[in-house]
Protein chains: 2
Amino acid sequence: MAPTLKEVAKEAGVAISTASGILTERPDSWASESTRKRVQEAANRLGYEANRYARGLRIGSFQTIGLLVPDLLNPVYTVYARAIQEALEKAGYSLTVEEAKASLKGESAAVKKLLASQVDGILCFFMDMKAHEKLFTKQKNNNLPMVFFGDSYPNSGIDNVQIDFGRGTKEAIEELIKLGHSNIGVLYGYHPVPKERERADSRMEFFQTVLSKHDLPFPESNLLKSGHTMQNAYDRFKEYLDSTDPTDRVSAVFAINDILALGVMRAAIDHGLSIPEDLSIIGVDNTPMSQFSPIALSSVGYPIREIARTATDFLISRLQGDKEAQREVMFSTHLVHRESIAPPAVEVV
Amino acid sequence: MAPTLKEVAKEAGVAISTASGILTERPDSWASESTRKRVQEAANRLGYEANRYARGLRIGSFQTIGLLVPDLLNPVYTVYARAIQEALEKAGYSLTVEEAKASLKGESAAVKKLLASQVDGILCFFMDMKAHEKLFTKQKNNNLPMVFFGDSYPNSGIDNVQIDFGRGTKEAIEELIKLGHSNIGVLYGYHPVPKERERADSRMEFFQTVLSKHDLPFPESNLLKSGHTMQNAYDRFKEYLDSTDPTDRVSAVFAINDILALGVMRAAIDHGLSIPEDLSIIGVDNTPMSQFSPIALSSVGYPIREIARTATDFLISRLQGDKEAQREVMFSTHLVHRESIAPPAVEVV
DNA sequence: TTGAAAGCGCTAACAA
DNA sequence: TTGTTAGCGCTTTCAA
C-alpha cells in the first residue's frame, strides 16, 4: 500500500540506508547534493511517509504518550485533551487517550491498557488513584515517566499538577453566605470512589471547612450524591426536591462540577423554582457552557490550558532525561460570579 | 521495559514460536496441555502483552481505524467518537482520531496524517469533501476502505451514511410558521467552506425551500454567518441585534447546530430579549446540552449512536472483504420541541 | 560518499 | 508436538 523506504531507495537508485539517512536528516549522512535531491524527489513522487511503527520498533520508542481521563463526555476533559495534544505535537509526540468511562472498572482497564501500549509516558486523571497503586510503582521501576493531575504521590518521583480548590471554594461559599444563605447543600458524584474514600475530594472538604468556620450547620441530608452525568444530577436533585419539605430545603447548592450544576439547575426549574431567586447554584470548572448558559452559571474556575501545558512540559522534560526531584505545582482557583446566585427568597411564614 | 515474547519463551523453556502460537491461540498450534499451561503462566508472571506494533508490522495491519472530525469541542462529535470507539472495540480494532480543528487547512492536514498513518480504514466527517477529492481517489485505488458521514461520493465505492435534514428542518420551520413567525433568520457557521460551496449545506437549503413553499420572504440580511464556536455565534448575533432596527428584526432563528443556537440565545438575553417571547430559537443535533439548558432548546435530532454504529459496521464489513456495491443509508431527523420556541410577541406599533 | 547487514518484537511457513 | 528461520519497514553500525 503505502510506499516503503525500499521503494524510495530503488526509485532513487540508492541503497536503502542512504535514503534513510537523507530522509531523517541524520547528521552523519554525508550524501552528495545530487543524491540528496534524487532521494527527496523520489520520496515526494511516491508520497513516501515513514512507517512510524516500524521506526518505533527499531528505535525503541513510538513517540507516543498516553492520557487517562475519567470521561470525555464532560467537556472539561476535552479541553484538557486538546491542550495536551497541542503541547505534545510541538515536541513531536502523539497522544493516545484512554477513557475510564466514569467507572472504576473502566479506570483499571484503561490503566492496564495504557501500561501495555508501548507509550513513552503517561498523563493521568484518576478517579481513584489508590486503586492502581501497585501498577504505578511497578511502572516506576520500569522507568515509565508519569505525571498525575490532582493526585500527589509522595516520594514516588512522579510529578504532579494540582488544583487548590481552597480559595475558589471559599470564595464561592462565602459569597453565598454573604448573600444571606445559611442552608447550603452540596452535590457531588463524579468520582465513583469506594465508600471509605468517598469524602476525600478536596472540594467537599473545603466546602465543609468553610461552613463550619462560619458556624453553619451541615446536616447529612444536605449532602447529595449522584452519578456523573447531567441526567444523574438531574434525577438526584429532583428526588431531593420531591422528598424535602420546602421549609427545610437548601437555598443554595454547590455542585462539584459544571455539568452536575446544570443538571441541578434544570431539575429546580422543572420543579417550578426560579433561578436564582429560589435557588442559587455554583459549579466548578468554568467550562464554556457555564458562561453561555441562558442562566449563566457561577463557577469555580482555574487555568485549564495552563495546567495541561505544565503537566505536559513536566512529562516531556522527564522524557528528555531530566532527573530533578519530584515536582509538584499547585494552581489556584477563583469564583466566577454569574447569574445563578442571588440572595435567598424571603421566607414566607 | 515491557517483557517480550522471547523472554516469555525463555521463562517457559519453549521456543519463541511455540509461545507465539499458544498466546495468540493460533489454531494450528498443537501444543500439549502442559506446555500451554507453562507458557500461559510465564506470560502472566511477567505481565506479558504482545507489542501490537511489532505484531502489526508482521501481519501487515495495525488493526486501527482513523476517524476525522471537524472539532471535538462540539459535543456532538464526542458522542459520535465514543459510539464508534465502542463498536470498533467489539471488532478488535482501535480508534485514532484526528481533528480538523474547524479549519480547512487543519482538515487537509488531518486527512494527510490519517492517510499516512497505517490505519486499516477511515471514517470521515468532512467540512469540505471536495477539497480532498484527489486524495481519496488515490486511496481508493490503494484499497483503503473508507466511509463518509454526510457526504456521498457517487460511483466511488465509498460507503456513506447520511442525515436527511429535510424532515426535521421542515418540521422546525413549519412549527415556527404555525406559531406565527414570518421573519425567520438562519445562522450557520460551522463549516469554513470556500465561498463557492458555501450555501451547499443541506440544512440551509431545506430551510430556504420551506420558506419559499410558504411564500415567506428571505432577505439576505436574515442570513447570518459566524464562526464555529458558541462565542462566534454570540458575537455575530450580538452584532446583528445591535445593528438591526427592532421592527425589522427576526422573531425566530434557526441555527445550524446546538452550540451556535445557544450562543445566539445568550446574545439575545444579553441584549435584553426574553426567550422565547421575543425570540424563538431552534438548533440542530439534539445534544444533551439542548435538553438540559435552563431554557431548553428545541432541536432537530437524529439517532447519533445508531448512525455511528452503522458507519462503523460498513467499514468493518469492508475490512473483512465485503465487495458489495457501494452502500448509502439515510437517517431521518425530527424536531424535538422544547421551551425555546413560542409565538412571536405582538408587535407594538 | 555510499552500501551491506543486523536486529527491534512479532508471526507463520516449514522442518524436525 | 516443537523449533528454526525468514521477514514486516525501519535505523544504524561498520565496512567499502
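Numbers restart at 1 for each chain; the letters A, B, ... are given by sequence-line order, proteins then strands.
Across its full length, the helix from C/dT1-D/dA16 to C/dA16-D/dT1 shows an angle of 50° between the axes of its 5 terminal pairs at either end, rounded to 10 degrees.
When the P atom of C/dC10 is taken as reference, atom CZ of B/F62 falls 13 Å away, rounded to whole Å. B/Q63 places its CD atom 11 Å from the P atom of C/dT11, with the value rounded to the nearest Å. Taking atom CZ of A/R38 as the reference point, atom C1' of C/dT2 lies 11 Å away to the nearest angstrom. The separation between A/K10 atom NZ and C/dT2 atom P is 20 Å, rounded to whole Å. Atom-to-atom, CD of B/E25 to C1' of C/dT11 comes out at 15 Å; the value is rounded to the nearest Å.
Aromatic ring centres of B/Y80 and B/F149: separated by under 6.0 Å.
Screening residues 306-321 of chain A for salt bridge (Lys or Arg N to Asp or Glu O under 4.0 Å), with sequence neighbours left out, gives A/D159-A/R318, A/R318-A/D322.
Scanning for ring-ring contact (aromatic ring centres under 6.0 Å, His included) contacts around A/F314 gives an empty result, with sequence neighbours left out. Every residue two or more places apart in sequence or in another chain that forms a ring-ring contact (aromatic ring centres under 6.0 Å, His included) with A/F62 is listed here: B/Y53.
Under 4.0 Å is where a charged nitrogen must lie from a carboxylate oxygen, and between A/K101 and A/E107 no such pair does. Under 4.0 Å is where a charged nitrogen must lie from a carboxylate oxygen, and between A/E89 and B/K113 at least one such pair does.
Side-chain contact, A/N51 with B/Q118: a donor N or O sits under 3.5 Å from an acceptor N or O.
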Listed pairs under 3.5 Å, donor-acceptor, residues 10-22 of chain A side chains, sequence neighbours left out:
unit_1: A/E11; atom_1: OE2; unit_2: A/R45; atom_2: NH1; d: 2.1
unit_1: A/S20; atom_1: OG; unit_2: A/R26; atom_2: NH2; d: 2.9

Revision key, fill the gap. Protein-proximity profile, nucleotides 9-16 of chain D, B/S/- by nucleotide at the 4.0 Å heavy-atom cutoff, equals BBBB----

